[in-house]
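To start, the structure itself, in structure tokens.
Everything numeric in this text was worked out from a predicted model, so none of it was measured. Just so we're on the same page: letters track the sequence lines, and every chain starts at 1.
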Amino acid sequence: MNKLLTVSPSPHVKGDESIRKIMYGVVLAMLPAFAMSAMFFGWESVKVTLIAVAASVFFEYVIQKYLMKVKPTVDDGSAIVTGILLAFNVPVGLPVWLIVLGALVAIGVGKMSFGGLGQNPFNPALVGRVFLLISFPVQMTTWAPNKLVADGFSGATPLGLLKEGLKSGKTISEITSQLPNHFDLFWGNMSGSLGEISAVALLLGGLYMLWKKIISWHTPVAVLGTIFIFEGILWLANPERFMDPMFHLFTGGAMLGAIFMATDMVSSPMTRVGQLIFGVGIGIITVLIRNFGAYPEGISFAILIMNAFTPLINAYVKPTRFGRVA
Amino acid sequence: MLKTFKMGGVHPVENKLSAGKAIEKLPLPKTVSIPVAQHIGAPATVVVKRGDEVKVGTIIAQSSGFVSTNIHSSVSGKVKKIDDVMDSSGYKKKAVIIDVAGDEWEQGIDTSNNLIKETHLDAKEINAKILAAGIVGLGGATFPTHVKLSPPPGMTAEVLLINGVECEPYLTSDHRLMLEKGAEIIVGTKLLMKSLGVNKAVIGIENNKPDAITRMKDLTANEPEISVQPLKVKYPQGGEKQLIKAVTGKEVPSGALPIAVGAVVNNVGTAFAVYEAVMKNKPLVERVVTVTGKSVKEPSNLMVRVGTPVTELVEAAGGMPEDTGKVISGGPMMGRAVTTLEVPVTKGTSGILLIRDKESKRNEMEPCIRCGKCVSVCPMGLEPFLLMTMSEKKLWERSEDRHVMDCIECGSCSFTCPSNRPLLDYIRLGKGTVGKLIRARKSQN
Ligand code: SF4
Ligand code: SF4
């Protein structure tokens, strides 16, 4: 009876959400895409993923322990997510040292230099990826052949083939004959970065995260919807110059970016309306880069650019207040 | 059709362990300590002294202003002393301590269970009786009821809402009261309507209490002016502003009172107390308290005299479990942790919740991952993570600009945050400081 009672302010109960639950939920959601990747690219893709994860966790631990001198928090799962996302964004034949370097940049520059989890303005995995893409363009665009792709298709990605074809003056109908059909694109039967190929697997992961309330629909729907509508308009305007919108949804990093990268909580806006604006911005920039820019794919750049706008969006797009007096 | 409020809200595990337990009378304690400040407003002025003989219903402290109310003895016996005692707020407050002897009631109080339905009293007389009986909001807010029933000049009430939501997890006192004293609550509702001069009342009940909904619907079948509105379960639906929004669709403007949209909200417990005050001449000397917790042997709903030490309630529910780590007065979302079981039950004590050791400590705080969950659950549309940062950095003006004063302290933000951030602690700090600044500014002008 003389026991000391705990006294603390309300609330006295806590919901069961935690960083761990969110992060491991994301990891789980990436499993289908991981499985598809292993199926299409073989063990190589498992190797790349494991190396990227191990390197990310290692760098986070070392930086926290020896440079920042704080208690390492690698068990929160966020470095694992970054590692997997980095692996998902590189071609399967990437040399090991480049994977490790990418992880160092992602964790060291992308995350820890800003103060660690929650402080980073940009998606760390994308910082790593874009660093690799700009510094090592050759290795980053050397696509290992997809094991299941029928002979005749080269190792190039559909978006790469499209860009090349248009550059050499071909029309869409001429290019299309070289491309996998939509059904293959949907399943992921094409070449590309490790985790981006299978739209169906990524969508499955996205549905899981929606169900578990890890993400809300606003960002992915805004990104994909914008790409669809914008590409649709271009396609209708000139079907011999632009591919159809479904092609654009199923190729490149559209699905991976919209579902797993743009939804990163830390670097995306807080409010639903903010997320819609953010997503539309990503969609527009992606379409512009894909169709009029130098790179065949632009969603990584698009997300990073919109990440930079996130603080601004947060400052201007406020939640609707209850009982606001106009 | 189920209604609810639109913005924000959370779904804590309900844990209504005592929902099936009928209300039992707690035996009289040996002594009671009755604080003179157990309502919002000015403390009442003590009018008895040491050695005075009192009966149940004797006024021991008198209302000391418009926003204040009377306090009555809840027992018969002798005033032992007038002293400062610790109440559930954690502060020592002046209280009248009475040694109990027998159970003799003041004359004119009807202690029978006969239901009286008709009265010739007019609005004014009803209000006077409510004031005399010391009635305050029994949902926990303890705002003097007669004040609520006197709209400021220029404002008129259009609808009376009776709050039977009981959205706090664990608590079941209102639920039981609706099941067992439904007829009395309806009479109380009519008295409140008469006092306010409104011809429409809605009883809001969450649909996790289907038996209470059915019961109240049956009782109001022939009452065209009173309806029962089932509500979708969502915390904090019992908050005045959320309930008004859910039932009428109207939003009380920021900084205004419910009357601004023509609504007056009273708890079902208050409606019952009003019935007893007006029809039975019975002042507010007892209330239903839920005693509960996962390790509690006999979770119960007890009819308890005001001033009874909490420890007696806990004994009646099977004693304090070994693994108790925290004791809450009220519900788990908005209640207060008490330092000792010696604190007395007051008019606002809706429940006593014993929380187990392992659930009584907070989890370690982690960095904000900017997930926005606190924003999406806030029923007032605030940005809790931002308000917390502003309190940390002492940016009080910006905190005021971002409407910290709108916070209803429901705790949904802290409840939800995956990083275990103590958002509401900091927001309270902000509210306190900004409130002081606003008052200082007003007194300057
Ligand atoms: S900020 Fe206030 S009103 Fe909003 S969820 Fe937190 S406690 Fe509730
Ligand atoms: S819920 Fe917690 S972690 Fe998420 S934004 Fe709010 S304070 Fe940050």
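The contact between B:Pro379 and chain A is made entirely by backbone atoms, counting heavy-atom distances below 4.5 Å. Interface residue B:Met333: backbone and side-chain heavy atoms are both found under 4.5 Å from chain A. In this structure, chain A has no heavy atom under 4.5 Å from any part of B:Leu353. Contacts of B:Asn420 with chain A are made by both backbone and side-chain atoms, with heavy-atom separations under 4.5 Å. For a residue to count as touching a neighbouring chain, one of its non-hydrogen atoms must lie under 4.5 Å from one of that chain's; by this rule B:Leu424 touches chain A with the side chain only. Contacts between A:Leu117 and chain B at a heavy-atom distance below 4.5 Å involve backbone atoms as well as side-chain atoms. Looking at B:Phe385, only its side chain comes within 4.5 Å of chain A, counting heavy atoms on both sides. Proximity to chain A (any heavy atom under 4.5 Å) is restricted, for B:Ile328, to the side chain, taken from C-beta onward. At a 4.5 Å heavy-atom cutoff, the contact between B:Ser414 and chain A is made by backbone and side-chain atoms alike. Heavy atoms closer than 4.5 Å to chain A are found in the side chain of B:Lys245, but not in its backbone. B:His403 touches chain A through its side chain: at least one heavy atom from C-beta onward sits under 4.5 Å away, while N, CA, C and O do not. For B:Cys417, the part lying under 4.5 angstrom from a heavy atom of chain A is the backbone only.
Here the side chains of A:Pro9 and B:Arg362 are in contact, with some heavy-atom distance below 4.5 Å. Side-chain atoms of A:Val13 and B:Phe415, non-hydrogen and from C-beta on, do get closer than 4.5 Å to each other. Annotation: side chain of B:Met380 is not in contact with side chain of A:Arg324 (no heavy-atom distance under 4.5 Å). A 4.5 Å side-chain heavy-atom check between B:Ile369 and A:Gln119 finds every atom pair outside the cut-off. With contacts defined as side-chain heavy-atom distances shorter than 4.5 Å, the pair A:Arg272/B:Ser376 qualifies.
Under 3.5 Å, the side chains of B:Lys326 and A:Ser8 contain a donor-acceptor pair of N or O atoms. Using modelled atom types, one finds a donor on one side chain and an acceptor on the other under 3.5 Å when comparing A:Ser10 with B:Arg428.
The 12-atom threshold is not exceeded at OH of B:Tyr426, counting heavy atoms of other residues, nucleotides or ligands nearer than 6.0 Å. Counted within 6.0 Å of CZ on A:Phe131, heavy atoms from surrounding residues, nucleotides or ligands total more than 12; the atom is thus considered enclosed. Crowding of A:Phe58 atom CZ: a count of heavy atoms from other residues, nucleotides or ligands under 6.0 Å not exceeding 12. The environment of B:Lys361 atom NZ is dense: over 12 non-hydrogen atoms of other residues, nucleotides or ligands sit within 6.0 angstrom.
The structure places NZ of B:Lys6 at 7.5 Å from OG1 of A:Thr320, a figure rounded to the nearest 0.5 Å. How far CD of B:Glu366 is from CG of A:Asp76: 6.5 Å, rounded to the nearest 0.5 Å. Atom CG of B:Leu382 and atom CZ of A:Phe322 lie 11.0 Å apart (nearest 0.5 Å).
Heavy-atom pairs under 4.5 Å with chain A were tallied for B:Cys374, B:Gly330, B:Gly411; the largest tally goes to B:Gly411. Chain A forms more heavy-atom pairs under 4.5 Å with one residue of B:Arg336, B:Lys373, B:His11 than with any other, namely B:Lys373. Note on B:Gln242, B:Arg402, B:Met334: by heavy-atom pairs under 4.5 Å with chain A, the leading option is B:Arg402. Counting heavy-atom pairs closer than 4.5 Å to chain B, the top-ranked of the candidates A:Gln275, A:Arg20, A:Lys21, A:Lys213 is A:Arg20. Of the listed residues B:Gly372, B:Cys371, B:Pro169, the one with more heavy-atom pairs under 4.5 angstrom with chain A than any other is B:Cys371. When B:Arg370, B:Glu383, B:Glu409 are compared by the number of non-hydrogen pairs under 4.5 Å with chain A, B:Arg370 comes out ahead.
Within the 3.5 Å criterion, the main-chain N or O of A:Thr6 finds no donor-acceptor partner in the side chain of B:Ser360.
The two residues A:Pro319 and B:Gly381 make their nearest non-hydrogen contact at CG-O, 3.5 Å. Closest heavy-atom contact between A:His12 and B:Ile355: CB-CD1, 3.9 Å.
Salt-bridge annotation for B:Glu251 and A:Arg321: absent, with no side-chain N of the basic residue lying under 4.0 Å from a carboxylate O of the acidic one.
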